[in-house]
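Residue numbering restarts at 1 for every chain, and letters A, B, ... go by the order of the sequence lines. The figures that follow rest on heavy atoms only: side chains count, while hydrogens, waters and symmetry mates do not.
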2 protein chains.
Amino acid sequence: MSTRGLEVTRDIREGIAEGRYPGGFRLNEAEMAARLGVSRTPVRNALSVLAAEGLLDYTPNAGYTVHRFTVEDIEEIFRVRIELESLAARLAAENGLDPAQDAAMRESLERTAELVGRSCWNTRIREAFLPLNRSFHAAVREAARNAFLVAMIHKTNEVPLFDLIRWRRFDAELLRQSLDEHRELFDALSRRQPERAARIQAEHTYRAGRRMVQNWSRTEAAGGM
Amino acid sequence: MSTRGLEVTRDIREGIAEGRYPGGFRLNEAEMAARLGVSRTPVRNALSVLAAEGLLDYTPNAGYTVHRFTVEDIEEIFRVRIELESLAARLAAENGLDPAQDAAMRESLERTAELVGRSCWNTRIREAFLPLNRSFHAAVREAARNAFLVAMIHKTNEVPLFDLIRWRRFDAELLRQSLDEHRELFDALSRRQPERAARIQAEHTYRAGRRMVQNWSRTEAAGGM
DNA sequence: CACGTCCTTATTGGATGCAATCTGCGGCTA
DNA sequence: TAGCCGCAGATTGCATCCAATAAGGACGTG
C-alpha cells in the first residue's frame, strides 16, 4: 500500500461499511481495479488487509467475499463491547476530564438537548444526533487515555452498517432517553465516580446491543444487508 | 497472499514474535524476499498485513520497521486484557465446562502438579510448564463460547517476546502459586460461579501484567528487544 | 437419462520492469 | 565554517506479464 493504496483500502472499507458491498458479495480484483481506476496490485493489498481484519472472507485461489455477519456475531461482539466501553468509562472517571473533553461533552449534551426541544420531528433529527452521539462517546474514550483500548473498541465498531442499523428505529422517546443517560454518565465522570460511570456505560452499551440485535434480525429477515 | 504468501506472513510474524527482528528493526522488501526465496510480491503483502495489525510501523515510501513497544504500551494492553480474560472466565462459568474442556483442564493441572513435585529445578521445568499453562487458559477461553472475544484476547498476546519475557523470572514459588490459582479458577468454573471465576481470573491476569512490566523494563534497560 | 471425465475459461498468485520518491553526500556559496 | 542546493543511489509503489489453480460446461459412456 502507498499513497494510492491507502486510498483504495479506505474506499473498499467504506464501501463495505455503507452497505454498497453487502454480506456475501464477491469482490473481484480486476473489476475493483477497473472501477477504482488503478491496477490490481493496490487492490490486492487492500483485500488481503481487509481479510486479515476479518471484514472479508478469503479462500486461496478463489477470491474474497464480504463477511456475512450473523445475529450471533453481533451478540458476541456486543458482549465484548460492553466490557471495553465500561472500562473506558471507568478509566475516564479515574483520570478525570481535561478542559477540552469537558467542553466537547457539554456541547454535545447542549446540542442534543436542543434537538429534544424541537417540535417538528423528521429524519434530519437523527442525522443531526448521530455526530453528537459519536463525539460524546469519543470524548469518553479519549479521557480513558488508553490508545490500545480505543483501538480495540474501534474494532468492535467496524461491522457494516452498524450505526445505521443501530439507530434505525429512532423516535423522540429514544432520543430523550439517550440524552438522560449521557447526562448521568457525564455527571459520574465529572464527580470522578469510576464504578458508577462503568455501570452506567455498561447498561448504555447493553441497551444499544439489544436494539442492534432487534434491528439486525429485522434487516436480515427483509433479505437485506 | 496465497499458499506461499500465507507462509511468508507466518514466517515474518514468528520472526518478530521470537525476537529475531527486534523493535525498530527495518524490514527491507528485497532483502526479505531474497532471504525467504520468493519475490517481493508476497513479502509486500505480508508486510502490509502485519502493519495493519500494528506489529509493524509503516511510513509511505520509506518502508516498514518493527514496532517498538514501550512499557506504557504493555500497561495499556494488560489493562484491557484483564477485562477480556475475566469476561472469558465469567462466560465459561455461566456456560459450564463440556467434557473435553474439563478433561483438558484436569490434565493441565495434574501435569503441573507433577512439575511442582520435581526435586531438581532447571530451565526445562519452565519449558514444560508453558504449554500446560497455555492449554489451561485456552480451555477457559474456549468454554466462553465467544469467538470474537477469543480473537480479541489473541490480539493482546501478539506482542513480541510476550511469553518469554513474562516468564523470564521463574522459580518454584511462582510455579506453585500459579498452580494454586489455576486450581481455584477451575473450582470456580466447575461450581458455575461466574463472579468468583471472573475475580480470580482478573487477579491472575493482573499479577501476570505486573511481572510482565517488571521484566520488560529490565529487558529494555539491558538494551534488548 | 445419469454420472463421471476432460477441457475450456476465468481468476488468482507470483515475478519482474519501470516510474516516483526519499535519503545521503558532495560541492557551492554567503 | 555553516548552511543550502543538487545529484546519485537505493528503495518503495504501481503496472503488467506469465503460470497455476479452481469452477463450470460439454461430451462421452454406462
Side-chain angles (χ1 to χ4, degrees), chain A residues 1-17 19-69 158 160 225, chain B residues 1-17 19-69 160:
Chain A
M1 304 187 313
S2 77
T3 57
R4 207 63 195 277
L6 291 175
E7 282 180 34
V8 172
T9 307
R10 193 168 44 77
D11 278 2
I12 298 178
R13 177 183 279 118
E14 287 179 1
I16 297 171
R20 247 177 308 143
Y21 309 124
F25 188 83
R26 176 130 195 282
L27 293 179
N28 183 300
E29 289 183 4
E31 192 179 333
M32 296 298 296
R35 180 180 315 205
L36 297 173
V38 294
S39 90
R40 281 176 51 210
T41 306
V43 173
R44 290 193 43 188
N45 256 306
L47 293 180
S48 51
V49 167
L50 296 174
E53 286 182 18
L55 228 54
L56 301 178
D57 294 327
Y58 167 70
T59 48
N61 293 316
Y64 299 84
T65 57
V66 177
H67 181 77
R68 200 188 291 272
F69 286 90
E158 278 195 342
M225 211 359 273
Chain B
M1 304 188 309
S2 77
T3 57
R4 207 60 195 277
L6 290 175
E7 281 181 34
V8 172
T9 306
R10 194 169 43 78
D11 278 1
I12 299 179
R13 177 182 277 119
E14 286 179 1
I16 297 171
R20 247 179 306 143
Y21 308 124
F25 189 83
R26 175 130 195 282
L27 293 179
N28 183 298
E29 288 182 6
E31 193 179 333
M32 296 298 296
R35 180 180 314 203
L36 297 173
V38 295
S39 88
R40 283 175 50 208
T41 306
V43 173
R44 283 180 54 90
N45 255 307
L47 294 180
S48 50
V49 167
L50 295 174
E53 284 182 18
L55 229 53
L56 301 178
D57 295 326
Y58 167 69
T59 47
N61 293 314
Y64 299 83
T65 57
V66 178
H67 182 77
R68 199 188 291 273
F69 286 91

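Straight-line distance from the CG atom of A:L6 to the P atom of D:dT12: 15 Å, rounded to whole Å. Summarising the geometry, the separation between CD on A:E29 and P on D:dT16 is reported as 15 Å, rounded to the nearest angstrom. As a whole-Å value, the separation of A:R4 CZ from D:dA15 C1' is 13 Å. One interatomic measurement links the two molecules: OH of A:Y64 to C1' of C:dT11, which rounds to 12 Å at whole-angstrom precision. Regarding A:L27, its CG atom lies at a distance of 10 Å from the P atom of C:dT12, rounded to whole Å. Rounded to an integer number of Å, the gap from B:N28 CG to D:dG9 P is 18 Å. Taking atom CE of B:M32 as the reference point, atom P of D:dT11 lies 14 Å away to the nearest angstrom. Taking atom CG of residue B:L47 and atom P of nucleotide D:dT11, one finds them 14 Å apart after rounding to whole Å.
Of the listed nucleotides (D:dT11, C:dG17, D:dA15), C:dG17 has the atom at the smallest distance from the side chain of B:R40. Here C:dT16 is the nucleotide among D:dT16, C:dT12, C:dT16 with the atom lying nearest to any side-chain atom of B:S39. Of the candidates C:dC22, D:dA15, C:dT12, the closest approach to any side-chain atom of B:N61 belongs to C:dC22. If you check D:dT16, C:dT12, D:dT12 against the side chain of A:T41, the one that comes closest is D:dT16.
Residue A:R44 places no side-chain N or O under 4.0 Å from the OP1 or OP2 atom of C:dA15.
Closest of all the heavy-atom pairs between B:R20 and B:D11 is NH2-O, 4.4 Å. The two residues A:F69 and A:G54 come nearest to each other via the heavy atoms CZ-O, 4.5 Å.
Ionic pairing of B:E7 and B:R4 is present here: one or more N-O contacts between side-chain nitrogen and carboxylate oxygen are shorter than 4.0 angstrom. A:E158 has a carboxylate O that lies under 4.0 Å from a charged side-chain N of A:R13, or vice versa, which qualifies the two as a salt bridge.
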